*Asks:* 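Starting off with a structure, shown below.
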2 protein chains.
Amino acid sequence: MVDNVKTASDKVFVDIRQAIVEGVIPQGSKISEPELSKQHQVSRATLREALNRLESCHLIERKANVGSRVIALTEEKLRDIYQVRSSLEGLACRLAAENMTCDEIQEVKSLLNQHLNTQRVKQGESYYQEEGDLDFHYRIIKGSKNNHLINLLCNEMYQLVRMYRVQMGMNGPRVTKAFDEHLAIINAIEAGDGELAELLMKRHISASGKNIENKFKQD
Amino acid sequence: MVDNVKTASDKVFVDIRQAIVEGVIPQGSKISEPELSKQHQVSRATLREALNRLESCHLIERKANVGSRVIALTEEKLRDIYQVRSSLEGLACRLAAENMTCDEIQEVKSLLNQHLNTQRVKQGESYYQEEGDLDFHYRIIKGSKNNHLINLLCNEMYQLVRMYRVQMGMNGPRVTKAFDEHLAIINAIEAGDGELAELLMKRHISASGKNIENKFKQD
DNA sequence: AGCTATATATTTGTCGACAATCTGTTGACT
DNA sequence: AGTCAACAGATTGTCGACAAATATATAGCT
């Protein structure tokens, strides 16, 4: 999770992004440019550079001459995002089945074994599972060897997905299930069965989305 | 194709975008901020605002402390983009079959009839067909009622796709074929057969991509 | 001659100030 | 009392100038 931070606006971007994803800056709240620029000790120009990138990640919404608001988490948006994500990661999975090398596949398999162990030790602590889950998805996406797709999922959508997961919370019973699904997916990829891998990944993500949707129903 | 142009940077963004898509600013060329800002008679801050949005559309690439370059059209990128587009518009089509109203469907059908007429009159002039093609795709995408998907396809990817079509050129024989495919797609949507509509749209776009790929092979 | 290192020049990143626009309030009028 | 209009306050959009970084040119060395 090491971002290439070279300029001041890079750092501000990363900092604010984390604050939004973790809910430190509440969803739906208005963003004051003068206030935030003082808070991060940069000029407004630098802050606005960061805001532009946050908009590219769909974490804030801007209106001309009005200002920026942090995105509001709604059930409709969750559905929209997960429909898109399911479709795209399904594609990534199919391409991964065609393009991943044997070495890359073996790495993912050993990664899953590590998860299994930490899961036994730290039973119930969903945080680690979440990190592991994201790592797994990262590897599959990279395995597609489709740079446009990789950028779309890993840079432009990733933090938004993470925001729902962090703020809505992941609950227990799905954790072990997700692990089995990961295993089935990498097996399909190893077998070169792109069609099956795509189907399994789409189901896996749909289930994950439904899981978060249930959190909304509880309110 | 009327964009909401409210600020100076909006106008500069739209102008430069068109220049890039149409090849007035050559692909792969470096962008000089001082030069462009003078050319459009705005300050560098305003220009940079526009450049940020061009980057969001994947039309330019920026490197910290180095500068911006117009994207270079390659066969590999074309493949990557069309794989993603095929998947996403396929999804849009399936959702459209579920969510489009009867009125919306009828509008698209009458739209296609208009295309058939203009096509008879202006045979061979692919420009009109291209406009019509894009209009058709627009309507289907909007019909998905998925705002995230709509934004992704209509705002973030659309001009990039158009850049390939404009600069690589669309040739004749595929034009009438595309019309028939459009007809089959809207019929599937009208019948509420999302699965078929998705399949047909994916094929339609893949064929379109292959068509442009052939242009590359000719070099 | 070719390569390295220094110095110069250009470009990008950042800053503070001004102008244009919007928001909320007050006050007048029907 | 309610509606509309002008005003005040604050916010965003834009500008020109300075600082930091990179690219280019020059000079020195092997």
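Quick caveat, the model's predicted, so the values are computed rather than measured.
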*Asks:* Nearest whole angstrom, please: distance from the P of C:dG16 to the CG of A:Leu47.
*Replies:*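 Atom-to-atom, A:Leu47 to C:dG16, this comes out as 13 Å.
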*Asks:* Can the ring centroids of B:Tyr158 and B:Tyr138 be said to lie less than 6.0 angstrom from one another?
*Replies:*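 So the answer is yes for these two rings.
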*Asks:* Rounding to a whole Å, what distance do you find between A:Glu49:CD and C:dC15:C1'?
*Replies:*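 About 14 Å, once rounded to whole Å.
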*Asks:* How close or far is atom C1' of C:dC15 from atom CD of A:Gln41, stated in whole angstroms?
*Replies:*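 A:Gln41 atom CD is separated from C:dC15 atom C1' by 14 Å.
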*Asks:* A:Glu61 and side-chain contact (heavy atoms from CB on, under 4.5 Å): which single residue from A:Ile71, A:Val70, A:Ile31 fits?
*Replies:*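 Only one of A:Ile71, A:Val70, A:Ile31 forms a side-chain contact (heavy atoms from CB on, under 4.5 Å) with A:Glu61, namely A:Ile71.
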*Asks:* Rounded to whole Å, please give me the gap between CD1 in B:Ile31 and C1' in C:dT12.
*Replies:*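 Going from B:Ile31 (CD1) to C:dT12 (C1'), I get 14 Å.
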*Asks:* Who pairs with B:Lys30 by side-chain hydrogen bond (donor to acceptor under 3.5 Å, both in side chains), at least two apart in sequence or on another chain?
*Replies:*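 Scan of B:Lys30 (side-chain hydrogen bond (donor to acceptor under 3.5 Å, both in side chains), adjacent residues dropped) gives none.
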*Asks:* Between P on D:dT11 and CZ on A:Arg69, what's the gap in Å once rounded to a whole number?
*Replies:*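 One finds 13 Å between P of D:dT11 and CZ of A:Arg69, rounded.
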*Asks:* Does a side-chain N or O of A:Thr46 approach OP1 or OP2 of C:dG13 to a distance below 4.0 Å, or not?
*Replies:*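 The answer is no; no side-chain N or O of A:Thr46 sits under 4.0 Å from OP1 or OP2.
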*Asks:* How many whole angstroms separate atom CG of B:Leu36 from atom P of C:dT11?
*Replies:*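 In whole Å, C:dT11 P and B:Leu36 CG are 12 Å from each other.
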*Asks:* Under the side chain to side chain contact (heavy atoms under 4.5 Å, CB included) rule, collect the residues that match up with B:Gln18, sequence neighbours excluded.
*Replies:*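 Partners of B:Gln18 under the side chain to side chain contact (heavy atoms under 4.5 Å, CB included) test: B:Glu22.
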*Asks:* May I ask you to evaluate whether B:Arg48 reaches the phosphate of C:dG13, defined as a side-chain N or O under 4.0 Å from OP1 or OP2?
*Replies:*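 Affirmative; the distance criterion is met.
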*Asks:* Using a heavy-atom distance cut-off of less than 4.0 Å, which residues of residues 51-65 of chain B contact DNA chain D?
*Replies:*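 Residues of residues 51-65 of chain B that come under 4.0 Å of DNA chain D are, in numerical order, B:Asn65.
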*Asks:* With under 30° as parallel and over 60° as perpendicular, where do the rings of A:His182 and A:Phe136 fit, or are they tilted in between?
*Replies:*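 Aromatic pair A:His182/A:Phe136 classed parallel.
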*Asks:* Could you give the CZ-to-P distance, from B:Arg44 to C:dT12, as a whole number of Å?
*Replies:*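 Taking CZ of B:Arg44 and P of C:dT12, I get 7 Å after rounding.
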*Asks:* Please check if the side chain of B:Asp10 supplies one atom and the backbone of B:Thr7 the other of a donor-acceptor pair under 3.5 Å.
*Replies:*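 Yes; at least one donor-acceptor contact below 3.5 Å.
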*Asks:* Between D:dT14 and B:Ser9, is there an OP1 or OP2 to side-chain N/O distance shorter than 4.0 Å?
*Replies:*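 For D:dT14, OP1 or OP2 has a side-chain N or O of B:Ser9 closer than 4.0 Å.
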*Asks:* For D:dT12, take OP1 and OP2 only and decide whether either is under 4.0 Å from a side-chain N or O of A:Lys30.
*Replies:*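 For D:dT12, OP1 or OP2 has a side-chain N or O of A:Lys30 closer than 4.0 Å.
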*Asks:* Reading DNA chain C from 5' onward, which residue's closest nucleotide shows up sooner: B:Pro34 or A:Val66?
*Replies:*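 Upstream on the strand: B:Pro34.
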*Asks:* Any side-chain N or O of B:Lys6 below 4.0 angstrom from OP1/OP2 of D:dT14?
*Replies:*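 Looking at the OP1 and OP2 atoms of D:dT14, neither is under 4.0 Å from any side-chain N or O of B:Lys6.
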*Asks:* Counting only heavy atoms from other residues, nucleotides and ligands, does the tally under 6.0 Å from NZ of B:Lys11 exceed 12?
*Replies:*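 No, because the 6.0 Å sphere around NZ of B:Lys11 holds 12 heavy atoms or fewer from other groups.
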*Asks:* Base, sugar-phosphate, or nothing for B:Ala45, non-hydrogen atoms under 4.0 angstrom?
*Replies:*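 It contacts base atoms.
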*Asks:* Could you state the CD-P distance from A:Glu33 to C:dC22, rounded to the nearest angstrom?
*Replies:*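 Distance check: A:Glu33 CD to C:dC22 P gives 15 Å.
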